[in-house]
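Below, chains carry the letters A, B, ... as their sequence lines are ordered, and counting in each starts from 1.
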Number of protein chains: 4
Amino acid sequence: MSNFRNHVQLIGNVGEDPKITLLDGGRKVARFPMATNEYYTNNQGEKIQNTDWHQVVAWGKTADILEKYTAKGSEIGVQGKIKTRSYTTEDGNQRFVTEIVADEVLLMGSKAAQEASEPKTPRSKSTKKTSAKKDA
Amino acid sequence: MSNFRNHVQLIGNVGEDPKITLLDGGRKVARFPMATNEYYTNNQGEKIQNTDWHQVVAWGKTADILEKYTAKGSEIGVQGKIKTRSYTTEDGNQRFVTEIVADEVLLMGSKAAQEASEPKTPRSKSTKKTSAKKDA
Amino acid sequence: MSNFRNHVQLIGNVGEDPKITLLDGGRKVARFPMATNEYYTNNQGEKIQNTDWHQVVAWGKTADILEKYTAKGSEIGVQGKIKTRSYTTEDGNQRFVTEIVADEVLLMGSKAAQEASEPKTPRSKSTKKTSAKKDA
Amino acid sequence: MSNFRNHVQLIGNVGEDPKITLLDGGRKVARFPMATNEYYTNNQGEKIQNTDWHQVVAWGKTADILEKYTAKGSEIGVQGKIKTRSYTTEDGNQRFVTEIVADEVLLMGSKAAQEASEPKTPRSKSTKKTSAKKDA
DNA sequence: TTTT
DNA sequence: TTTT
């Protein structure tokens, strides 16, 4: 229900190898810059590339996937939400950082996607999976 | 990872009370028609409303929410994927039905949303929740 | 082609009346803060509301709609892209601002939507329009 | 304003060369089947690929891009809306077809995207264009 | 700070 | 078969 009201999707390239941090509770965090490119032809007929940079953060399983399957340059997709944090600088000023908190990662190319395929974690736990959804 | 490649979002009205079915394993299914409306002014300056109808299916927890909080006429949002099933008619012909398999429901209006708020089911199970994500 | 790689959707409330600016060329800009709310029940069973704030910018026709139909408190949806601008402070430091550049606005409630319905092909004015897209 | 309430995104492969039709008014239509794949590991630890098929239709400029840059097997993304049409068979029965009406196409790989980059404000031709949107 |  |  959360991601409906605050939903972001980016498709582009990992700008640096994801920086992995292990928190006290054993929870993993991945952080990296990501570039999205837009291509268009301007009024003078020149082909223009416009790049936007984003700070991406991911937790838990999503951080695992990023750690294992992505590196600087990887083409990926990311879904998540926008979050602006504030912090105080040493000299007492307030600053803001806007980050994309990713909860899904798409590895471009089906090979990578297949390798990274994880056991599903369905909403409700059924020991025996009915095939109702599958044969739909 | 699934919903990136096949992703649908509808905002509109429930056309009939969701029909709830309990499957053998205790799993719940909700089915209902949903209308999405588009408004525009045509070339003659007339205001036009164009309605599209969709067959929505939801499972488990999402079906619970639909059962409890929606009825004919409810304004909701739905996120999920498109799935076309085929079946064979009595006289041996193949037919297709396209359904929206919903995995998220948005109840319009914040009151409904608050009532329906469920315990989070985070990707990885931590007994003690760090507040790391909160203050991000 | 642009909004695929850098795509944001927010549903929430206008935090302040949109501030309208007219640029030299006659082009209009609207700026306003927007809140998105997330509702969930925490481990202690408490209902929590978590609010994120976003700076939204809109141009041209989208700014027109915002000016006419929204005010502080309005419930709206916004689609667009994320853009981080940098600027230099008076004392020579570089700062970053992340904004949501909106290209679509959704007025919640069908009444508002109908009132605001504009001739299609909205970005630029074309006198004559085929209805080919309608009969798809 | 339309695509907010009825919005689809597919990332996958073109199943057949797009079939191009020219309508009376000179307007172009492209039609093709598109596959989206989902990868996951089932309870038995087997890697499963699940494929969904979609009928995609595109008009005008979007059809142009599909005609020029895609063929059977191309990896593309598509954004648009869901539309269910009904028609009557020769023997007088009503049938339904659900199609994805695409208004954006994403060519995977930045090379293709750059080649296909078109002048902005694509829906209709405007001679003069301000660059106001760029400096947002 | 990415990619072609 | 919804909503205003």
**Request:** Calculate the interatomic distance between R5(D) atom CZ and dT2(F) atom P; express it in whole Å.
**Result:** 18 Å

**Request:** Ignoring the backbone of N37(B), work out which of dT1(F), dT3(E), dT3(F) is nearest its side chain.
**Result:** dT3(F)

**Prompt:** Taking the side chain of Q49(A) as heavy atoms from C-beta outward, which of dT2(F), dT1(E), dT3(E) is closest to it?
**Reply:** dT3(E)

**Interatomic distance where CD1 belongs to I76(A) and C1' belongs to dT1(E) [whole Å]** = 14 Å

**Prompt:** Do any N or O atoms from the side chain of N6(D) and from the backbone of L10(B) form a donor-acceptor pair under 3.5 angstrom?
**Reply:** no

**Between P of dT1(E) and CE of M34(A), the distance in whole Å** = 18 Å

**Message:** By the 4.0 Å heavy-atom rule, please label T51(B) as base, sugar-phosphate, or nothing.
**Reply:** base

**Rounded distance (Å) that lies between atom C1' of dT3(F) and atom NE2 of H54(B)** = 13 Å

**Prompt:** Between atom CZ of F96(C) and atom CZ of F96(A), what is the distance when rounded to the nearest 0.5 Å?
**Reply:** 15.5 Å

**Request:** Please work out which residues in residues 9-19 of chain A have a non-hydrogen atom less than 4.0 Å from an atom of DNA chain F and list them by number.
**Result:** none

**Prompt:** Judged by atom type as modelled, is there a donor-acceptor pair below 3.5 Å linking the side chain of D17(D) to the main-chain atoms of K72(D)?
**Reply:** yes

**Prompt:** What integer distance in Å separates K47(A):NZ from dT3(E):P?
**Reply:** 21 Å

**Request:** Consider only side-chain N and O atoms of Q9(A) and Q9(D), and report whether a donor and an acceptor are under 3.5 Å apart.
**Result:** yes

**Asked** Would you find a donor on one side and an acceptor on the other, under 3.5 Å apart, between the side chain of Q55(A) and the backbone of V97(A)?
**Response** no

